[in-house]
Amino acid sequence: MPTPYTQKEIRQLAGMFDIYGDFLVGTPFGNGNVNDTFQLTFDQGGIRLHYALQRINSNVFKNPVAVMENVSRVTGHILGKIRAAHAETRKRTLRLLHAHDGKPYAFDPKGNCWRAYVFIEHARAYEVLESPEQAFRVAQGFGEFQKQLVDLEGRLNETIPDFHNTPKRVAALEAAIKADCCGRLKNVAKETDFVLSRKDECGKLLQLNAEGSIPERITHNDTKANNILIDDLSGEAICVIDLDTVMPGLALYDFGDMVRSGTNPAEEDELDLNKVGMRFDMYEGLFDGFMCSAGSFLTEAEKEMLPFSAKLITLEIGMRFLTDYLMGDVYFKTKRPQQNLDRCRTQFKLVESIENQMDKMLALL
Ligand code: GN1
Ligand code: MG
């Protein structure tokens with residue numbers, strides 16, 4: 001469940017940051033599965049302005065300061081790039097506000113780490129993408145983001161070690177199966193078989209990386225379609241958000257997660273599995289869009305693995321939902337019992353749909 005906060009508490013939390021004017025209200029915002037986000041409304045000399053206030057989930061991000069160091073570096077780097085290229089920079093990257101000590105984050109008395117951003121107006125995140133054109137723009141936007149970071153100097157902090165180490169995710173699932181700490185294993189025989197019968201493929205991308213055929217890059221690692229804002233007026237994918245997992249990774253996991261989240265016409269926790277599947281026209285949109293921006297720097301070996309990456313990450317995220325279900329819903333926020341199991345089932349249905357269309361996906365290459 002999202003953490004409940006009173007208006008008085010939100011006002012105090014907002015008060016940790018340098019924001020002019022009077023606090024009016026703070027309301028829960030967005031659909032993230034991990035952090036808590038509020039939209040703040042301030043009155044500044046008679047004009048209402050919005051900010052985003054966010055609590056970093058320290059159960060997930062053990063070192064929030066390392067997260068904020070990355071976010072600051074990444075947004076600063078991107079700002080430098082777009083200042084040169086565009087007249088208007090405000091909506092094209094997240095902008096952090098300063099706390100009173102000048103740092104881009106602040107800790108509340110309970111030890112939670114908070115940050116605040118300029119709120120990007122007249123743009124929104126889509127849970128389900130609406131058209132192949134929109135898919136094109138989303139993938140183009142995420143590809144552009146990777147491109148902007150190609151020349152960021154120095155290595156970023158690994159905010160969650162082994163985040164996309166699929167074999168380790170399998171091992172975590174196996175441990176959860178063995179422990180069966182909540183007595184839920186009896187409900188998921190089909191789902192555990194589904195993963196275990198595909199176990200051999202799970203290390204494929206990491207192996208290619210270890211052999212030196214696909215490179216480590218700076219990647220976003222959580223390129224869910226709803227982690228990029230689409231401008232209401234132009235329809236352009238203008239701003240990548242949710243930067244907590246930007247760190248060294250494989251470009252393929254980023255493409256894969258766009259396919260997982262952007263080609264399925266149903267919600268991530270849809271109960272009617274007949275609605276779940278990969279729309280091929282949406283895949284084409286994503287593929288073309290990604291090629292348009294990332295095509296210039298991706299290697300041939302990476303391009304060849306694009307279709308497989310979609311299957312792999314969908315399987316990986318499905319097994320993370322399954323693991324969390326078995327562990328008693330301790331990682332992802334849930335609003336109802338079994339929500340993690342429902343999420344797992346949609347992911348596995350999607351894996352099957354991707355498998356069935358693999359030939360077509362390969363032919364696009
Ligand atoms: C989480 O925070 P959000 O909702 O953008 C998760 C992703 C999962 C996603 C599944 C840090 O992302 O890895 O793919 O849920 N983020 C983290 O919806 O674990
Ligand atoms: Mg998000």
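We're numbering straight along the sequence, starting at 1. Read the numbers this way: they start at 1 and go in the same order the structure lists the ligands and their atoms. Predicted, not measured: the structure shown is a model, and the values here were computed from it.
- Taking only nitrogen or oxygen atoms, main chain and side chain alike, N33 reaches within less than 3.5 Å of ligand 1.
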### Task
Begin with the C-alpha distance, continue with both residues' side-chain angles, and end with the deciding distance and a verdict on ring-ring contact (aromatic ring centres under 6.0 Å, His included) for F38 and F29.
CA-CA 5 Å; F38 300 91; F29 191 81; over 10 Å; no

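- Of all atoms in ligand 1, numbered sequentially from 1 with element shown, those under 4.0 Å from a heavy atom of F321 are 10 (C).
- Seen from the ring of F297, K147 does not count as a face-on cation partner, given the 6.0 Å and 45° thresholds.
- In terms of polar-atom proximity, K224 is counted as a contact of ligand 1, with an N or O under 3.5 Å from an N or O of the ligand.
- Considering only heavy atoms from C-beta on, F17 stays 4.5 Å or farther from Y117 through its side chain.
- Comparing heavy-atom distances from atom 1 (C) of ligand 1 across V34, I317, V60 singles out V34 as nearest.
- Here R320 has side-chain heavy atoms under 4.0 Å from ligand 1, and that is the only part of it that gets that close.
- For R260, the heavy-atom gap to ligand 1 drops under 4.0 angstrom.
- The neighbour count for M16 CE, taken as heavy atoms of other residues, nucleotides or ligands under 6.0 Å away, is above 12.
- By the 4.0 Å N-to-carboxylate-O rule, D108 lies too far from R55 to be salt-bridged with it.
- The N/O atoms of N31, backbone and side chain alike, include none that comes under 3.5 Å of an N/O atom in ligand 1.
- Within ligand 1, the atoms closer than 4.0 Å to a non-hydrogen atom of F61 are 11 (C), numbered from 1 in the order shown.
- Neither the backbone nor the side chain of Y253 has any atom closer than 4.0 Å to an atom of ligand 1 (non-hydrogen atoms only).
- Rounding to the nearest 0.5 Å gives a distance of 9.0 Å between OG1 of T323 and CZ of F332.
- The proximity of Q347 to ligand 1, defined as any non-hydrogen pair under 4.0 Å, does not occur for either the backbone or the side chain.
- For ligand 1, the polar-atom distance check finds an N/O of D242 within less than 3.5 Å of one of the ligand's N/O atoms.
- Heavy atoms of N227 found under 4.0 angstrom from ligand 1 belong exclusively to the side chain.
- Residue Y331 has at least one heavy-atom neighbour below 4.0 Å for each of these atoms of ligand 1: 11 (C), 17 (C), 19 (O).
- With ligand atoms numbered from 1 in the order given, ligand 1 contributes 4 (O) to contacts under 4.0 Å with heavy atoms of G32.
- Sparse packing is recorded around NZ of K103, with 12 or fewer heavy atoms of other residues, nucleotides or ligands lying under 6.0 Å away.
- The ring of Y51 has its center no closer than 6.0 angstrom to the ring center of W114.
- Relative to the ring axis of Y325, R184 places its NZ or CZ within 45° and under 6.0 Å from the centre.
- Among the atoms of E268, some N or O lies under 3.5 angstrom from an N or O of ligand 1.
- The shortest side-chain heavy-atom distance between Q357 and Y283 does not fall under the 4.5 Å cut-off.
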